[in-house]
Amino acid sequence: MKEISIKDIEGINIGQVENSEGGTGCTVVICKDGMRAGLDIRGGGPASRESQLLNPLMAAQSIHGILLAGGSAFGLEAATGVMNYLEEHDIGLDVGVTKVPLIAQADLFDLMVGDKHARPDVKMGYEAAKAAMENPNYKDGNYGAGCGATIGKIAGGKTCMKSGIGSYAIQVGELKIGAIVAVNALGDIYDHKSGKMIAGLLSEDHKSLRSTTEVMASSIDVVDNRFVSNTTLAILVTNAKFEKSQLCKIAGMGHDGYARSIRPVHTSYDGDSIYAASVGEVKADQEVVGTLGADVIAEAIKRAVYSAKGAYGLPALCDLELGG
């Protein structure tokens, strides 16, 4: 088993666009020939588009892109921009009079940073698709859907930290599997190997970390409206051949990676979602791929935190030197 770049997985193109001043952006993974895909949503507050298309009972057996974006539900129009670009380039489901690109999308909440009126729109989606197909530009950090991502928000904006988007991929023989994760969690981030908390809820003086779980457990009183709007989003991609039902299961197994790295996770205040996409013909065991998928997701979460830079008055891990 060796580490590779997420860009080494053949059959996909990845593009990113961000509004750094506004604090939002888009990351799109496009497969012009179509990719089989599944989805598993565990958080209680998702903002998504075409999710039902990935239900194994639905007729469509493949889609052409998966878009991660900011802007909460406002940003869902960005998929139209991706569709417009792909239609112009004759990519999509042939319906006779044109080709209809099938694009699944999930958004995270980043309206609390930058400009609350800055949201991914049709133009940004178009530019992200153009970047993917003409000049693939994926990078970890404050880019694309990770531009406005934050973590550790249980006590409000003054003690949360800046996060970002991260990736990690491996190869085992012919099998390649990788993940892209935009980390925008209510909870804290842990190193999945050592179990050490590395980022999240800051102390009042910003000199140390506090456990979100411990803060929550300090009172069992019902809170009707927490200062939270979060969602961690992932795309798991493999060159192994699987169908939609299998990919839904693999996406579900991928949530183990969330659980190892984010605490708490899958709350009603998160919209935690994982897409799993098959873009190749390699024969591989479903349970092996699902297990490795959880591993690469956990590592991608860690990479997102380590690659983030401080922004919008919020420190990142690199600014505070809190992590090992």
N-O pairing of Lys176 and Glu10 below 4.0 Å: yes
Could you see if Val237 belongs to whatever hydrophobic cluster contains Ile91? Use Ile, Leu, Val, Met, Phe, Trp, Tyr and a side-chain cutoff under 4.5 Å. yes
Heavy-atom distance under 4.5 Å between the side chains of Thr159 and Arg210, does that happen here? yes
How far apart are the C-alpha atoms of Tyr143 and Asn137, what are their side-chain angles, what is the distance that settles it, and do they pass the side-chain contact (heavy atoms from CB on, under 4.5 Å) test? CA-CA 10 Å; Tyr143 302 102; Asn137 63 348; over 6 Å; no
Taking only Lys NZ, Arg NE, NH1 and NH2, and the carboxylate oxygens of Asp or Glu, determine whether Lys123 and Glu127 approach each other closer than 4.0 Å. no
Can you confirm whether Glu134 sits close enough to Tyr85 that some side-chain heavy atom of one is under 4.5 Å from a side-chain heavy atom of the other? yes
Would you say CZ of Phe74 has more than 12 non-hydrogen atoms from neighbouring residues, nucleotides or ligands within 6.0 angstrom? no
Which pair of heavy atoms, one from Ala78 and one from Pro120, lies closest together, and at what distance? CB-CB, 4.0 Å
Connected via hydrophobic side-chain network under 4.5 Å: Ile30 and Leu67: yes
Taking a hydrophobic cluster as the set of Ile, Leu, Val, Met, Phe, Trp and Tyr residues connected by side-chain heavy atoms closer than 4.5 Å, whether directly or through intermediates, do Met83 and Ile235 fall within one such cluster? yes
Could you tell me whether Asp295 and Arg260 have a side-chain N and a carboxylate O separated by less than 4.0 Å? yes
With side-chain contact (heavy atoms from CB on, under 4.5 Å) as the criterion, how do Asp188 and Leu209 come out once you've worked through the C-alpha distance, each side chain's angles and the decisive distance to 0.1 Å? CA-CA 9 Å; Asp188 307 316; Leu209 295 171; over 6 Å; no
Answer whether the closest heavy-atom distance between the side chains of Asp107 and Thr231 falls below 4.5 Å. no
Please tell me if the side chains of Tyr275 and Val29 come closer than 4.5 Å, counting only heavy atoms from C-beta onward. no
Would you say the side chain of Asp115 lies within less than 4.5 Å of the side chain of Glu21, judging by non-hydrogen atoms? no
Minimal heavy-atom distance between Leu108 and Leu233, with the atoms involved, is N-CD1, 3.8 Å
Is Ile301 reachable from Ile66 through a run of hydrophobic residues whose side-chain heavy atoms are each under 4.5 Å from the next? no
Should Met133 and Val279 be regarded as members of a common hydrophobic cluster, given that ILVMFWY residues are connected when their side-chain heavy atoms come within less than 4.5 Å of each other, either directly or indirectly? yes
Residue pair Ala316 / Lys309: nearest heavy atoms and the distance that separates them: CB-C, 3.5 Å
If every non-hydrogen atom of Gly200 is compared with every non-hydrogen atom of Ile151, which pair is closest and at what distance? N-CD1, 3.9 Å
Please determine whether side-chain contact (heavy atoms from CB on, under 4.5 Å) holds for the pair Ile165 and Tyr138, giving the CA-CA distance in whole Å, both sets of side-chain angles, and the decisive distance to 0.1 Å. CA-CA 10 Å; Ile165 196 166; Tyr138 178 80; 3.9 Å; yes
Is it true that, when you exclude Glu174 itself, more than 12 heavy atoms of the residues, nucleotides or ligands shown sit nearer than 6.0 Å to its CD? no
Would Arg263 pass as a cation-pi partner of Tyr190, given that its NZ or CZ must be under 6.0 Å from the six-membered ring centre and within 45 degrees of the axis? yes
Does CD belonging to Glu88 count more than 12 external heavy atoms closer than 6.0 Å? yes
Go through it in stages, so that I can follow the logic: the residues are Thr24 and Cys147, the test is side-chain contact (heavy atoms from CB on, under 4.5 Å), and I'd like the CA-CA distance, side-chain angles, deciding distance and then a yes or no. CA-CA 5 Å; Thr24 197; Cys147 180; 5.7 Å; no
Could you tell me whether Lys99 atom NZ has more than 12 heavy atoms of other residues or ligands within 6.0 Å of it? yes
Going by an N to O cut-off under 4.0 Å, is there a salt bridge joining Arg42 and Asp272? no
Considering only heavy atoms from C-beta outward, does the side chain of Gln246 approach that of Ser278 to under 4.5 Å? no
Hey, does the Lys NZ or Arg CZ of Arg303 hover above the aromatic six-ring of Tyr168, less than 6.0 Å from the centre and inside 45° of the axis? no
